[in-house]
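Worksheet: one structure, shown below.
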There are 2 protein chains.
Amino acid sequence: MRWSEIGDMTCSIARALSVVGDRWTLLILRDAFLRTRRFEQFQASLKITRHRLADRLQKLVDNGILERLPYQDNPPRFEYKLTAKGVDLYPVIAALVGWGDRWMAGKDGVPIELVHRGCGHTIAPEFVCPDCREPIGARDMLAQPGPGLLAQRKKRRSAVKRKT
Amino acid sequence: MRWSEIGDMTCSIARALSVVGDRWTLLILRDAFLRTRRFEQFQASLKITRHRLADRLQKLVDNGILERLPYQDNPPRFEYKLTAKGVDLYPVIAALVGWGDRWMAGKDGVPIELVHRGCGHTIAPEFVCPDCREPIGARDMLAQPGPGLLAQRKKRRSAVKRKT
DNA sequence: ATACTAAGTTCTAATTTGGAACTGATGTAT
DNA sequence: ATACATCAGTTCCAAATTAGAACTTAGTAT
């Protein structure tokens with residue numbers, strides 16, 4: 001199985017993970033959020049092999065998460081910047097940081113604190129319902145078929161009909 | 001390099017990803033959140049090889065994210081349930097769903113909608129600062145060294161001192 | 001002329017994964 | 001009683017992915 005397509009890909013998580021779901025990619029993005037931009041910087045920070053790094057950066061560019069922009073011409077050199085689609089992955093990173101802080105922190109406490117520029121508080125952000133503003137936990141949400149799944153089911157039904 | 005330890009592990013993301021950061025694990029957890037519990041159910045749903053599944057489940061149990069509980073004695077059979085630590089990964093899953101919905105949905109629309117049980121609205125949850133309740137984006141947060149990192153730096157400094 | 005930098009590429013060896021068959025304890029149908 | 005099915009895994013080999021290290025290319029600095 002090629003990892004560009006996981007399982008049935010009906011699920012948004014599967015689709016997201018097909019782009020972002022390997023071990024290095026999220027670490028590369030973490031560095032990107034901390035304003036790392038250049039090949040050598042990523043490599044030095046992550047100790048990823050150069051090969052792998054080139055590969056992952058390429059994939060992120062292909063998927064519109066990073067942009068490869070020239071920053072000088074002679075010799076041609078490029079840097080990688082988060083696109084809007086990339087910046088929008090921030091909640092994923094933040095959620096991972098939060099969980100890591102809560103459950104995997106060493107005895108010395110959390111390694112990095114997040115400070116909200118607006119109010120100056122150093123707290124992990126939390127998920128809320130944008131409508132009623134209540135914090136959201138796993139069992140507060142109900143998953144139900146959306147338009148995409150319904151459309152797909154419809155297609156499948158008519159495909160079966162054609163066969164019989 | 002063994003993947004139980006990524007890079008320098010100073011970072012909460014690296015620590016989180018060392019447990020949760022491979023392609024199958026988050027899909028297994030997605031299923032767990034949708035109340036899948038048994039080996040055969042996971043296998044049928046994910047089409048992961050049995051070998052890999054056994055491996056990943058074991059690792060999740062080792063890390064306290066799933067619990068392996070007997071549900072019958074003759075023959076002995078077990079099911080896997082999310083622990084508190086596992087349930088607390090919900091924001092990560094939710095963030096992935098949100099991003100997948102926003103950027104990777106097919107033309108038919110999102111496959112699954114999330115309904116907030118409290119208010120009945122079908123919207124993707126958003127991140128807010130728990131203090132001022134403002135929505136949080138990538139550039140609204142400032143990362144600064146926390147107690148864990150400071151403690152570690154202190155240790156390193158004294159180690160250097162001993163050497164010289 | 002030599003060394004150095006940035007951003008890759010190429011090569012081989014080691015590790016991880018996929019695919020498919022097999023196990024073992026039990027329950028059910030013929 | 002024999003055959004077949006279920007569940008929760010193991011075992012084995014081939015295929016894909018990754019690590020590690022050296023090499024490339026184009027320009028700059030000493």
Side-chain angles (χ1 to χ4, degrees), chain A residues 1-9 14 17-28 31-32 35-63 66-82, chain B residues 1-9 14 17-28 31-32 35-63 66-82:
Chain A
M1 187 199 294
R2 216 37 47 64
W3 261 109
S4 43
E5 27 176 319
I6 313 178
D8 70 355
M9 294 294 278
L17 290 177
S18 72
V19 179
V20 125
D22 74 297
R23 286 171 165 116
W24 286 117
T25 299
L26 284 168
L27 289 173
I28 291 171
D31 276 18
R35 297 196 161 62
T36 298
R37 302 230 160 117
R38 300 187 186 173
F39 192 93
E40 298 294 324
Q41 293 177 327
F42 282 111
Q43 209 277 318
S45 149
L46 295 170
K47 274 117 195 175
I48 182 177
T49 64
R50 312 176 71 73
H51 187 113
R52 213 94 305 281
L53 177 57
D55 210 73
R56 288 294 106 100
L57 288 173
Q58 179 64 58
K59 200 178 161 190
L60 286 167
V61 170
D62 290 347
N63 285 289
L66 296 177
E67 259 181 315
R68 183 165 175 271
L69 302 165
Y71 68 88
Q72 67 174 44
D73 284 335
N74 262 352
R77 289 291 139 81
F78 302 89
E79 60 182 7
Y80 296 87
K81 292 186 64 176
L82 289 163
Chain B
M1 187 198 293
R2 216 36 49 61
W3 259 111
S4 42
E5 28 177 316
I6 313 178
D8 71 354
M9 294 295 279
L17 291 177
S18 72
V19 179
V20 126
D22 74 297
R23 287 173 164 112
W24 286 117
T25 300
L26 284 168
L27 289 173
I28 291 171
D31 275 17
R35 298 197 160 63
T36 297
R37 302 229 159 117
R38 299 185 186 174
F39 191 94
E40 299 294 325
Q41 293 176 325
F42 283 111
Q43 209 278 319
S45 151
L46 295 170
K47 274 119 197 175
I48 182 178
T49 64
R50 312 177 70 74
H51 189 122
R52 215 95 307 281
L53 177 58
D55 211 73
R56 290 293 105 101
L57 288 173
Q58 179 64 58
K59 200 177 161 191
L60 286 167
V61 169
D62 290 347
N63 285 289
L66 296 177
E67 260 182 315
R68 184 166 174 271
L69 302 165
Y71 68 89
Q72 68 173 43
D73 285 334
N74 262 352
R77 287 292 137 82
F78 301 89
E79 60 183 7
Y80 296 87
K81 293 186 64 176
L82 288 163

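Both backbone and side-chain heavy atoms feed into the values below; hydrogens, waters and symmetry mates do not. To find a chain, count down the sequence lines: A is the first, B the second, and so on, and within it residues start at 1.
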For A:Y71, report the nucleic acid contact type (base, sugar-phosphate, nothing); a contact means any heavy atom under 4.0 Å.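 Here A:Y71 touches the backbone only, sparing every base.
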Identify whether any heavy atom of B:F42 sits under 4.0 Å from a base atom; if not, whether one sits that close to sugar-phosphate; answer base, sugar-phosphate or nothing.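 No contact.
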Which whole-number value in Å describes the distance from [X] [atom1] to [N] [atom2]?
{"X": "B:R68", "N": "D:dA8", "atom1": "CZ", "atom2": "P", "result": "9 Å"}
{"X": "A:I48", "N": "D:dT17", "atom1": "CD1", "atom2": "C1'", "result": "13 Å"}
{"X": "B:L53", "N": "D:dT11", "atom1": "CG", "atom2": "C1'", "result": "16 Å"}
{"X": "B:F78", "N": "C:dT26", "atom1": "CZ", "atom2": "P", "result": "13 Å"}
{"X": "A:R37", "N": "C:dA7", "atom1": "CZ", "atom2": "P", "result": "13 Å"}
{"X": "B:Q72", "N": "C:dT26", "atom1": "CD", "atom2": "P", "result": "11 Å"}
{"X": "A:Q43", "N": "C:dG8", "atom1": "CD", "atom2": "P", "result": "12 Å"}
{"X": "A:R23", "N": "D:dT18", "atom1": "CZ", "atom2": "C1'", "result": "11 Å"}

Quick one: does any side-chain atom of B:Q43 pair with a main-chain N or O of B:F39 as donor and acceptor, under 3.5 Å? no
Does any N or O in the side chain of A:D55 come within less than 3.5 Å of the main-chain N or O of A:H51, such that one atom is a donor and the other an acceptor?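 Between the backbone of A:H51 and the side chain of A:D55 there is no qualifying donor-acceptor contact (under 3.5 Å).
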Within 45° cone of B:Y71 ring axis and under 6.0 Å: B:R38 NZ or CZ: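 Checked: cation-pi criterion met.
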When B:R68 is tested against each of B:L60, B:L57, B:V61 for side chain to side chain contact (heavy atoms under 4.5 Å, CB included), which residue passes? B:V61
Heavy-atom closest pair (B:R52 atom, B:W24 atom, distance to 0.1 Å) is CG-CD1, 4.0 Å
I want to check one thing: is the phosphate of D:dC7, taken as OP1 and OP2, less than 4.0 Å away from some side-chain N or O of B:Y80?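 No, no such contact exists.
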Please determine whether a side-chain nitrogen or oxygen atom of A:W24 lies at a distance below 4.0 Å from atom OP1 or OP2 of D:dA19. yes
Under a 4.5 Å cut-off applied to non-hydrogen side-chain atoms, are B:I28 and B:L53 in contact?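 Answer yes - side chains close enough.
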Between protein and nucleic acid, restricted to nucleotides 21-28 of chain D and to nitrogen or oxygen atoms under 3.5 Å apart, what atom pairs and distances do you find?
none

State plainly whether the residues A:R50 and A:E40 are in salt-bridge range, i.e. N to O under 4.0 Å. yes
Could you pick out which residue, B:Q41 or A:D55, lies toward the 5' side of DNA chain D when each is mapped onto its nearest nucleotide?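 Whichever sits nearer the 5' end wins; that is B:Q41.
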